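For reference, the structure is listed below as structure tokens.
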2 protein chains.
Amino acid sequence: MKLPSSRPDRPPTSVDVARLAGVSQATVSYVLNDAPGVRISDETRAKVRAAADELGYAPHASARALKTGRSDLVLCPVPDVALGPLFGIWIRELTARLGELGFRLVLLQGDAAERGVAAARAWAEWRPAAVLVQADRLTRAAVRQLHAAGTAAVVAIGPEPSALTPTLVFDDVAIGRAAARHLAERGRVRLAAVVPSEPVLGDFGERRFGGVAAEATARGLPVERVDLAFDEAGAAAVAARWAAAPDRPDAVFAYNDEYAVLMLRALQDAGLDVPGDVALVGADDLPWAALLRPRISSVRIIGAGSAGGTADWIGGLIRDRERSPAVHRELTRVEIVPRESS
Amino acid sequence: MKLPSSRPDRPPTSVDVARLAGVSQATVSYVLNDAPGVRISDETRAKVRAAADELGYAPHASARALKTGRSDLVLCPVPDVALGPLFGIWIRELTARLGELGFRLVLLQGDAAERGVAAARAWAEWRPAAVLVQADRLTRAAVRQLHAAGTAAVVAIGPEPSALTPTLVFDDVAIGRAAARHLAERGRVRLAAVVPSEPVLGDFGERRFGGVAAEATARGLPVERVDLAFDEAGAAAVAARWAAAPDRPDAVFAYNDEYAVLMLRALQDAGLDVPGDVALVGADDLPWAALLRPRISSVRIIGAGSAGGTADWIGGLIRDRERSPAVHRELTRVEIVPRESS
DNA sequence: TTGTAGGCGTTATCAA
DNA sequence: TTGATAACGCCTACAA
């Protein structure tokens, strides 16, 4: 058994551990990985572990990935980490459960413009076990690229099942629908819905608006679409226009609670009563929304607790190298928190 | 020149590219890495690039890391990705600038309890070029572990320079100080400061409270500390107590804008006038805070735009393998946005 | 029960 | 200007 001598300025390797423990390098690997089907004396195991500890040995993940042809990484490129409190909770639980399954979730905050096959190639360099990304950043070529690089599961996150790959469905449409239903059931007959004019939020806004429109159409109610940046002047202009129009909307779905407070102030400043003249519904049930006066009704997504189920599903996709489109629905149950504003 | 034949079920390698281009594998490496000091004909370069494109070749990052002994990863373990809008912006800019320098920032959302040398060993497995982590998750042994694994820069993020390693200083103390100064200069004489009773926010709260206390002490003013969860009942209890006490605080620093609206409602419901009886200052200048009535004054951190400077600093640390404690101050300039509430 | 040896895909040195 | 070749650290048959 001859082992190469270690270079002093390099991180310790399993060979260093082996030398210190007086065993072969293979034994080190067996012990530290609890290799099945290999019987090693407890005494040897103890020696190996002690040596690894003493050297502060950390196995080289890249070497392992190179050898095994796969990493335990689950890549999740996000457009913005500040997507709100709900997202934080969801990611935390997903990370935890994937960790139990032996995977490591890492977030890449990149440009949302980083999409398609070029982005896929960059993600593929680390040979992740799975990639979890917004559906609209994937193309057919991107999915193919990732599969070619050995990524077992390419999971789209989107409002509807993708034709390309398994999809994790977050149903923003249902949020808009719930808001519209709530307002209609309370006797409102002319709806409006705000769509944020911001790049990241815009896509979600389109979906939520779509839900409002679908529900309203089904009930034969008109819907006004209001494209709005988060900015007082714009909101004031809309409110002023409504104040002067006899056929103004009598109910507004404001996209989320932040836009709801924006609209609330604008409506009030324009002399309109909320909810007397105009009812108002936000979404996401942000903690501070209940503190406004009048309190803002909010559509709340339920089921953030089931990130564990998502993790298990992803784990299954990785194991089975599932490629045909499959669907997992998450965060699609929705409920309204009625408050004074509607 | 003999090249092994490729296995059909494996991702394409540089050997596959070489075979397709009709050159040697080394040439592929030279071309794709723009190797300096190597002259290769434009014709060959074109052939190689075309072949790589055709195969969808993505270099194997693990193999490169193994060979070079270092990855281009900058690891940033965070306790919670939903740290607020400011954090999102900062991370985005940091990512962009580090990308220009050739590094890839990845966020690991883990347990905040994952700390010390055990956590360091897990981070070290990927042999990151740098690790960027909250100061209180590092110990001397953890820093040593990372250095031993070849991590060039271990950067602590904290309220004050660490004795262990270079530190990125985010000065929450300055926020509290600015709030106290503002209130004192407006003639307020009995201060109170809210400290959130939540795990992640709590640490920041302590610092901000410390700033209030320091400034108040310097001016000979008393400070009441209010530990508070984000919950209406608790806030109401505090407000009720104050309403009944003649020597109640005449000014409150509410930790941030969310807690400010919580206190605002509680104070109003208890019959106290804001800012007549009690002035109120929040922090972080969240966009919707200006929409409340009365509008909430806020302490704003300036300099989120300088994440680029931080990236350059980290790049320098990596290049120089700096190990003696050095400091970079970021987000320490602070200004007050005065509104009706104070 | 433990050791030997080959190879994962890349980079970089040295010949040609 | 390009090609052969030797590591990098680890895993895992297979041999002892």
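Because the structure is a prediction, the values reported are computed rather than measured.
Ion pairing between A:Arg49 and A:Asp42 fails under the 4.0 Å rule for side-chain N and carboxylate O. Ion pairing between a basic and an acidic side chain is recognised when a charged N comes within 4.0 Å of a carboxylate O; B:Asp312 and B:Arg319 show no such pairing.
Atom CG in A:Asn33 sits roughly 13 Å away from atom P in D:dA13 (whole-Å rounding). Here C:dG9 presents its P atom at 16 Å from CH2 of A:Trp126, a figure rounded to the nearest Å. B:Arg19 places its CZ atom 15 Å from the C1' atom of D:dG3, with the value rounded to the nearest Å. Per the geometry, CZ belonging to B:Arg127 stands 9 Å off C1' belonging to D:dG9, to the nearest Å. Here the C1' atom of nucleotide C:dT1 and the CZ atom of A:Arg45 are 11 Å apart, to the nearest Å. The CG atom of A:Asp72 sits 15 Å away from the P atom of D:dC10 (whole-angstrom rounding). Protein atom CG of B:Leu66 is 9 Å distant from nucleotide atom P of D:dC10, rounded to whole Å. The CZ atom of A:Arg10 sits 15 Å away from the C1' atom of D:dC10 (whole-angstrom rounding).
When the nucleotides C:dA12, C:dA5, D:dG9 are ranked by their closest atom to the side chain of B:Gln25, C:dA12 comes out on top. The A:Thr13 side chain lies nearest to D:dG9 when the options are C:dT1, D:dG9, C:dA5. Each of D:dT2, C:dG9, D:dG9 was ranked by its minimum atom distance to the side chain of B:Ser24; first place goes to D:dT2. For B:Lys67, whose side chain is taken as the heavy atoms from C-beta onward, the closest listed nucleotide among D:dG9, D:dC11, C:dG9 is C:dG9. Closest approach to the B:Ser41 side chain among D:dT1, C:dT4, C:dC8 is made by D:dT1 (side chain taken as heavy atoms from C-beta onward). When each of D:dG3, C:dT11, D:dT12 is scored by its nearest atom to the side-chain atoms of B:Arg64, the top-ranked nucleotide is C:dT11.
A donor and an acceptor atom, one from each side chain of A:Thr165 and A:Ser162, are nowhere located under 3.5 Å apart. Side chain to side chain, B:Gln109 and A:Thr95 fail the donor-acceptor criterion of an N or O pair below 3.5 Å.
Within 4.0 Å (heavy atoms only), B:Ile40 reaches sugar-phosphate atoms of the nucleic acid but no base atom. Using a 4.0 Å heavy-atom cutoff across all strands shown, B:Thr27 reaches sugar-phosphate atoms only and no base atom. Using a 4.0 Å heavy-atom cutoff across all strands shown, A:Arg39 reaches at least one base atom of the nucleic acid.
Using a 4.0 Å cut-off, no side-chain N or O of B:Thr44 falls inside it from OP1 or OP2 of D:dT1. Side-chain nitrogen and oxygen atoms of B:Ser14 include none within less than 4.0 Å of the OP1 or OP2 phosphate oxygen of C:dG9. Between A:Tyr30 and D:dA13 there is no side-chain N or O to OP1 or OP2 distance below 4.0 Å.
Ring pair A:His328/A:Trp313 is parallel by interplanar angle, where below 30° counts as parallel and above 60° as perpendicular.
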